Amino acid sequence: MSKVTTMSEAIGRLVADGASVAIEGFTHLICHAAGHEIIRQGRRDLTLCRLTPDIVADQMVAAGTVSRLVFSWLGNPGVGSLHAIRRRIEQADPAPLEIEEYSHFGMVGRYTAGAAGLPFFPLRSYEHSDLPRANPRIVPLPSPYGDDSVYAVPPLNPDVAIVHVQRASAEGDAQAWGLLGCQKEAAFAARRVIVVCEEVVPESVIRADPNRTLIPNMIVDAVVQAPGGCHPSFVQGYYDRDNPFYLDWDGISRDPAALEAWLQEWVYGLADHAEYRARLGAERWAALAPGEAWAPPVNYGSYR
Amino acid sequence: MSKVTTMSEAIGRLVADGASVAIEGFTHLICHAAGHEIIRQGRRDLTLCRLTPDIVADQMVAAGTVSRLVFSWLGNPGVGSLHAIRRRIEQADPAPLEIEEYSHFGMVGRYTAGAAGLPFFPLRSYEHSDLPRANPRIVPLPSPYGDDSVYAVPPLNPDVAIVHVQRASAEGDAQAWGLLGCQKEAAFAARRVIVVCEEVVPESVIRADPNRTLIPNMIVDAVVQAPGGCHPSFVQGYYDRDNPFYLDWDGISRDPAALEAWLQEWVYGLADHAEYRARLGAERWAALAPGEAWAPPVNYGSYR
Amino acid sequence: MNWTANEIMVVAAARRLAGERVCFVGIGLPNLACSLAQRTVEPSLELVYESGAVGARPQRLPISIGDPCLVSGARSVTSQFDLFAFYLQGGRVDVAFLGAAQIDRRGSINTTTIGPYERPKVRLPGSGGACEIALNAAKVFVIVPQSPRSFVSRLDFVTSPGHVPGRRARGGGPDTVVTQLGVYRFVEGEMTLVSLHPGATLEQVQAASGWEVAVASDLVETPPPTAAELADLRALDPQRVYLG
Amino acid sequence: MNWTANEIMVVAAARRLAGERVCFVGIGLPNLACSLAQRTVEPSLELVYESGAVGARPQRLPISIGDPCLVSGARSVTSQFDLFAFYLQGGRVDVAFLGAAQIDRRGSINTTTIGPYERPKVRLPGSGGACEIALNAAKVFVIVPQSPRSFVSRLDFVTSPGHVPGRRARGGGPDTVVTQLGVYRFVEGEMTLVSLHPGATLEQVQAASGWEVAVASDLVETPPPTAAELADLRALDPQRVYLG
């Protein structure tokens, strides 16, 4: 059964006001297209779960869709700060922003516990740091085998996970390569999953390389084809990071008026991500195209 | 730096009397060649760690190399019993066999804890079963977040893990596809790792598909090329399971004299696995060859 | 129409898979039941194997749960960690099949030892994944040949807990037991005969059980296997490897 | 020979990587130090990035720890779970680089907030993986521009613990701190100046520190960057993206 739909329909159906939403992807496969559609539909009071809130998080916070962040690293990677988010945290401008803060492995552990139906995940972190003081959900846990102890983090089960991949079948089996972050754990932890892909491929492509499947269709609620949907982030083998955009964002984000103008021009003023992609222009996309580097063949064997 | 060596040298150097040895592989990638070399070298008092002790375990136990099993399922899969192991457990014939028993996820959790430096792994199993009574290392663990509890298993850190894969570089970066079992977790949990492969390939092959790398060279101590080394088990894309052998084993294993004769003919009487392979004969290997089913290409992209 | 004990067990189990989605399956009769269900009552049933094959589409009859034919053409192949953690413990499995050497009236199962654990009369395979399957799958189906040796009042060893007092597991526990005599479901945690196979009698059921088996007030006769069911089933195992 | 503050920091850090094997590295100056070490003192150094790239061999200067050039041609790409659990927590990382907004005499690091956590004057990025890196890597290296604002007697927030009293972590904690003025190591957990860069003075060091910095009795002068080191380094960042 095909689950292919539009981003507008998927967000409209699966992301409600007040929901917790995981948009994962560690530098790679960050679905800006979904963030923009959430902004466009005017969602409010979202809890955004993401190890590394970066540009799309700054945009979503600036647009007023997000009232709470669950995270482990906050910034414009390789550039500096996210100024809209900083204004809200440092000066409650224009409103306070609730935060719930972990370390990277703490967040990964939270998704893992959420995905695995565990009441906690144990890890060797936090001892003597101020993080458990800042976040009382991080608690010490003695080993049941005697003189050792670890810290525990609680499971994270977002209402929705939005996962971008290179290719997916219409039914939702999703394959990715390159940096995988914690996309799999976030998807299995979530109550609903939206797969966004560069390409919808025949099921036979998926079935010809089952080890590449990151997310199985049985946990997927919608499949959206959005080529270029991670811009200015990147998709391994499809397009490079648009670094000038990351640099430009620093200036835009420092100035609330410039940020609002950007949202008007690039989000509210466009019907969908196809328009965004067209507006960026063929030349910019061409500059982001990588050369070819094909994986060597592997034989699964035919067994009849 | 190349770590390629012979099976004889690798086992001689890395598997000592009294060692704990993990030979993993869930129905797939079970390294019989390594088991045979351990028998040939006359190791004693080994602890064999393996979710599913099967034919190679029955052989190693019968040959007197193993005095202790750490496991979760014991049998000749699809056929029935392992009679040499049953004789030792049921009748201490010719000697008792120590066992430490878990469930599959318990064993996987033990390797995971061992690999991750955790003092335990939590799982939802065992409640109301008799397993914790049979094995007091399985203990209940209350959640630090209140009214919930799980069970814990302790880490498993074998002295050596022996992992069979389809292909590896001379340095030890190992790639596998098909069923992956808990080969990765066992390797990271072990103090030493022997990678056995069907093919040693140039490092460039590995680097052209880094997502397929299951085990990185930094944890590998020896690389042994042993094509066909999993017979009568199978290697996806290389050869099928030799099911008649599994069926034959039932009769051989029921009769201690037949078993001893088999060991004489197929292990002690042969210098190495190349001789075993040759002795099986081209016809038998041809019957196990699968047809072709190639994975579709993926582009990693060239970024310069 | 004639059929064997194995055939009616598989047919009865397959029918109960109507409406289910994700099935955790072993080799042999359970695998046949699932394949038959895909061809009859539940074409969209997804098969998940303990070995890590998900959505398998085998081109031949698999001879083990790790048969390479379950990998080539599967939707996904996953590590055992992911399989047990995310699929099973994460609550994604609707029905799981378990085998049994002994089963009791609460649906608890022994696959570990006959006789005492320390010095068993018969050493059986042990849990494998059965213990966590019994505690985490939404429903457990059991196909087991019924006899006083398998239907016992007291297990020699509890490998996989059923509806034991105080059970807090997330999984729903045993749901259906199919034998050569009938189909059982659980009423307030007690194994209860709900359907008697054609030709079987309540006396046979009782004689083949180590306790006084509860019988549903609305006991029915199992509708006999149809010609189509039998044709499908026999085509799945033409050499009768598992059908016997 | 002339060199910049960033250049001597990178060169001094690179030299300290001799004999190390597996290095957990961030982007920027640490990445340059590792690349320089691969070309000079430690050709077999393996770079592991927080993003999951292992044994990367980038064909260009990476602009983020998740740059696709770190993936194409890497030995392995791993999930973040595996990276943190098996590589870092599993004890496979010999040296890890951390950055710092503030660092104290015990090598504890703040990258979370300037001012109180609840209402910070400056909200910094937070831990990322730094907290677990500080506790699990065999050695921690820090490259940090030294000033009274960064070398403080008391951190506003402890993100990554150093040699704090009672430390039981498996990782060895901070090992080396490199600034534009010198190289520090830890003696009984106390940051101690062991090498002064050419042209720098003890007075400058003291003026740039929020506490009275310990000085090794066998204090040496950092050997100046060689022409070969500088040539290699400048070739790594020809546009001086990070060298400034």
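Bear in mind the structure is a predicted one, so any value in this text is a computation, not a measurement. Just so we're on the same page: letters track the sequence lines, and every chain starts at 1.
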Verify the neighbour count for atom CZ of R192(B): are there more than 12 heavy atoms of other residues, nucleotides or ligands below 6.0 Å?
no
The reported gap from CD1 in I219(B) to OH in Y87(D) (rounded to nearest 0.5 angstrom) is 7.0 Å
*Donor-acceptor pair, side chain of S72(D) and main chain of Y300(B), under 3.5 angstrom*: yes
Closest non-hydrogen contact found for E185(B) with F86(D) is CG-CZ, 3.9 Å
Practice item. Might you work through the side chain to side chain contact (heavy atoms under 4.5 Å, CB included) test for Y303(B) and R60(D), ending with a clear yes or no? Key: CA-CA 7 Å; Y303(B) 297 85; R60(D) 68 181 187 199; 3.9 Å; yes
Whatever's closer than 4.5 Å to a heavy atom in chain D on A187(B) counts as backbone
Whatever's closer than 4.5 Å to a heavy atom in chain D on A208(B) counts as neither
If one checks every heavy atom of V54(D) against chain B at 4.5 Å, the contacting part turns out to be side chain
Of all heavy-atom pairs linking A74(D) and P210(B), the shortest is O-CB, 3.4 Å
Is it true that a side-chain atom of S76(D) and a backbone atom of P216(B) form a donor plus acceptor pair closer than 3.5 Å? no
Turns out that what part of T112(B) lies under 4.5 Å from chain D's heavy atoms comes down to both
Counting heavy-atom pairs under 4.5 Å with chain B, the top scorer among D82(D), L61(D), T78(D) is D82(D)
Between R304(B) (side chain) and P58(D) (backbone), is there a donor-acceptor pair under 3.5 Å?
no
Please answer whether the main-chain N or O of G117(B) pairs with a side-chain N or O of Q89(D) as donor and acceptor at a distance below 3.5 Å.
no
If one checks every heavy atom of D67(D) against chain B at 4.5 Å, the contacting part turns out to be neither
Cut-off 4.5 Å, heavy atoms of chain D, and the answer for D173(B) is side chain
Which is it for M218(B) and R75(D) under the side chain to side chain contact (heavy atoms under 4.5 Å, CB included) test, yes or no, and what are the steps along the way? CA-CA 10 Å; M218(B) 68 175 72; R75(D) 288 189 188 278; over 6 Å; no
